[in-house]
Amino acid sequence: MTDLKTELGEAVVAAFAAEGVDAALARVTPSDRPDLADFQSNGALAAAKALKANPRELAARVAARLEGDPRLASIEIAGPGFINLKVADAALAKRAENVAADAERAGAAVVDEARKVVIDYGGPNVAKPMHVGHLRSAIIGESLKRLFRFRGDEVTGDAHFGDWGFQMGLLIVACGDEGLADAFMVEGDGPFPAESPVTLADLDRLYPLAAGKAKEDPAFRDRARKATAELQGGRPGYRALWQHFVAVSREALKREYGDLSVDFDLWNGESDADPLMPEMLEHLKATGLLVEDDGAQVVHVARPGETRKKKLPDGSVIEAPSPPPLLVISSEGSAMYGTTDLATILDRKKAIGPDLALYVVDERQAEHFEQVFRAAYLAGYAADKSLEHLGFGTMNGQDGKPFKTRAGGVLKLRDLIDQATDKARERLKEAKLGDDLSPDEFEAIAHKVAIAALKFADLSNARTTSYVFDLDRFMSFEGKTGPYLLYQAVRIRSLLRKATDQGLAPGAIVIGEPAEHDLALTLDAFSQATVEAYEKRMPHVVAEHAYRLAQSFSKFYAACPVLIAPDEATKASRLALSKAALDQLVIALRLLGIDTPERM
Ligand code: ARG
C-alpha cells in the first residue's frame, strides 16, 4: 500500500519527465505554507536553468499535465515557479480508511527485499558498572531493532556482553587476594564448586577496588594481565570462576534491561567468539595480514598515504598510519577488544550470514570500529560496507559533562529508573491522574510513564547529538515529552470506550473540516517517516512523527466533536479517524520501545 505523498510524488516526477526534466529535480516536499497547500515542488526553478527555460512557464506546463488528477483538489503556480498542490479530501478519506483498516501497521510499507540484519547494542560489561553510553545504546539500539523488524527485515539483536577483557583478570586476582574463591585458585581440572562464591554486591565492590589498585600498583596490574591471559588460555579454575561472574552479572542486567523494555535475542559475549580464535589467527597469518609489531601481533588497516601526525614520547613528531593498526594479540598473549570484535564478525558470518551489521556504540569508539571494520573487509569476513558504526552523543548533566548520579558516582540503571519513577508518581498525583486506580495499577502506570519519559527524551534528539538530562522537563505532561504522548493516547482510548458504551462504531471516513484534512495528511505521513528513520538509522524521525500526530489529533478533537457530532455518519467517520490515530500513535511509540497504558 503506497502512501499518498509518494503516489503524488511519482505523478509529479512523470509530469516533469514529460517536459524533459530529470526525476532528481522533481521532488515533492511538504508545503512551507500549510495554509496554502499540502505539498510543493520547486523542481521548475532548478530545471529551468538547465533547460534554459522560463521557470514559471515550465511550471505551468507541468501543472497542465497534472490537471484532472482526481487526487488533487488544486494545482497552483506561486512566486517564480513553485508548484503548490492541495490534496483532494476524497483521496485523503480513502487513504485514511486504508490506514484505519490496517491495525497492525497503520499504513506503513515494508521493504521490497528483506535483509538479515544484526544489531549489536547495549554492550554492558561483567561487573563494570554501566554508564550513560550503555543506557543510550540500549535505548537507541532497541528502537532500531524494532524499526528494522517492522520494515520487514530479519533482525537479530545481540548484547555483545563484555566478558573477556582485562576486567576479568582484575576480578579473578581481587577474589583470590580476598580469599573469596580459594577453591577456584588451585591449578588442575577441578571439579570446582557449582555455587557462585560471589554475589552481585561482591562484584560491585571488587571491581572498582581492583581497577583502582591496578592504576597504582604495577605488580597487581601484571598479575591481573597474567590472569586474563590464563583465563583466555583455558585454565579450568579461572574458567569456572569466570562463569560464575558472568552468570551473576547477566542475571542482574537482564532484570534491569527488562525494566527498560529492552530485550536481546542473543546474550552472546565477547567470549563466544573465542572458539573461532585459532582458526581466525591462522587465516590472518596465512593471508599475510597478521604481522609482528614490537612483540605484539597486528593487522595494518591504513591504506598507503593515510597518515596523521603523531607525537612520540621523546617529543619528536612522525607521520603515523591512520587509523592505527588493529592490535590482535598483545605482547602478553591476550586477545584484545578488537580481536573479539573481529572474531565475532566471523562468528556471525557463519551462524547468521548478515547482509548488514549495525553497531550502536558511543561515538568515542569510532576509531576502534574503523580499525575492526577495515580488518574484517581485508580478511573477507564481511562484504564491503556491510558494517556500520552508529555513534551517538552523550547524555550530559547540567554541568555539560556526561551524566552522573546525585552522589557523583557513575550511573546505576536501577537508581535512574527509581528516580524517574518517583518523579512520575509525583506528577501523576499533581495532575490528579490515576486517582481511581488500585495501588498496583497505579504503580504499573507510574513505571510506564517513567520509561516513556526517559526513552522519549533520548530518542527525540537526533542520535548524533548530545543532550542534557533534565528529569523535570522529561516528565512534564506538556510539550514534546513521553508523558504527553502517553496522555494523548490514553485520552483517545477513553473516548473510544465511551463511544462503545453508547453503542457507536467506527464507519466510513469522510473528510470535510480542515482539522480532519490535517489529521488524514498526518496519518498518511507515517509510512514515509518509518522509511526515513530506517534509511538514516535515526529513530527521532519516528519520535517527531508521534509528536506531530498527537498534536494533529488534539487540534482535530478540539475542532471536531466526535460523540456529539451532528449526525451518525459524521460520528462514525470521526470515530474511525480517532481509532486510526490511536493505532498509529501506539505503533509509533512501540517502535521507540515505549509501552502505552490502557488508562491513567
Ligand atoms: N562493552 C563495550 C563497552 O563497554 C561496548 C561493546 C560494544 N559492541 C562491540 N561490538 N564492541 O565499551
Side-chain angles (χ1 to χ4, degrees), residues 117-142 144-145 155-171 203 207-208 211 228 242 245-246 249-250 252-254 256-257 262 264-274 276-277 280 323 326-328 334-349 351-352 354 356-377 381-382 386-395 402-403 410-413 463 537:
V117 181
V118 168
I119 306 191
D120 182 313
Y121 71 107
N125 301 306
V126 170
K128 271 206 253 183
M130 280 203 225
H131 53 69
V132 288
H134 296 111
L135 174 73
R136 289 212 73 191
S137 173
I139 292 176
I140 299 167
E142 179 70 23
L144 288 171
K145 183 188 75 183
V155 187
T156 310
D158 183 356
H160 199 72
F161 203 23
D163 64 357
W164 208 225
F166 179 55
Q167 85 266 27
M168 306 312 320
L170 283 174
L171 277 178
L203 294 182
Y207 176 74
T228 309
W242 165 78
F245 295 159
V246 172
S249 272
R250 175 159 24 201
L253 286 164
K254 270 196 176 158
E256 296 192 349
Y257 280 126
V262 169
F264 303 97
D265 304 297
L266 295 177
W267 265 92
N268 284 356
E270 295 164 356
S271 65
D272 283 282
D274 184 56
L276 285 134
M277 214 60 93
M280 180 177 91
L326 178 74
L327 180 56
V328 178
S334 295
M336 309 303 285
Y337 182 45
T339 323
T340 49
D341 260 323
L342 190 58
T344 301
I345 293 172
L346 186 58
D347 188 22
R348 287 175 182 156
K349 177 181 154 108
I352 301 172
L356 180 68
L358 305 176
Y359 292 77
V360 186
V361 187
D362 208 310
E363 183 56 33
R364 286 171 293 189
Q365 295 194 22
E367 180 165 87
H368 164 78
F369 286 108
E370 186 63 33
Q371 292 172 299
V372 171
F373 294 172
R374 285 181 180 224
Y377 297 146
Y381 299 163
S386 68
L387 306 167
E388 282 180 35
H389 171 217
L390 306 180
F392 47 79
T394 48
M395 179 173 98
F403 177 79
V410 270
L411 165 102
K412 280 223 167 34
L413 204 45
R463 166 170 56 77
R537 291 91 163 96

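One-based numbering, in listed order, for ligands and for the atoms of each.
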### Message
I'd like to know if the side chain of Q167 reaches the main chain of G162, judged simply by a donor and an acceptor atom lying under 3.5 Å from each other, with no hydrogens or angles considered.
### Response
yes

Which pairs of N or O atoms, one from ligand 1 and one from the protein, are separated by less than 3.5 Å, and what is the distance for each pair?
residue, atom, partner, partner atom, Å
ligand 1, 1 (N), G123, O, 2.9
ligand 1, 1 (N), N125, OD1, 2.7
ligand 1, 4 (O), G123, O, 3.4
ligand 1, 4 (O), N125, ND2, 2.9
ligand 1, 4 (O), H134, NE2, 2.8
ligand 1, 8 (N), D120, OD1, 3.1
ligand 1, 10 (N), D120, OD1, 3.4
ligand 1, 10 (N), D120, OD2, 2.9
ligand 1, 10 (N), D341, OD1, 2.7
ligand 1, 11 (N), Y337, OH, 2.8
ligand 1, 11 (N), D341, OD1, 3.4
ligand 1, 11 (N), D341, OD2, 2.8
ligand 1, 12 (O), Q365, NE2, 2.9

### Query
With sequence neighbours excluded, what pairs up with Q365 under the side-chain hydrogen bond (donor to acceptor under 3.5 Å, both in side chains) test?
Y337

## Note on the structure
Here the pair of heavy atoms bringing R364 nearest to T394 is NH2-CG2, 3.6 Å

#### Entry: Residue list, side-chain hydrogen bond (donor to acceptor under 3.5 Å, both in side chains) with S271, at least two apart or on another chain
D163

### Message
Under the rule for side-chain hydrogen bond (donor to acceptor under 3.5 Å, both in side chains), what residues qualify as partners of Y121, not counting sequence neighbours?
### Response
E142, K145

### Task
For the pair D158 and R348, evaluate salt bridge (charged side-chain N to carboxylate O under 4.0 Å, His left out) and give the outcome as yes or no after the intermediate values.
CA-CA 10 Å; D158 183 356; R348 287 175 182 156; 3.0 Å; yes

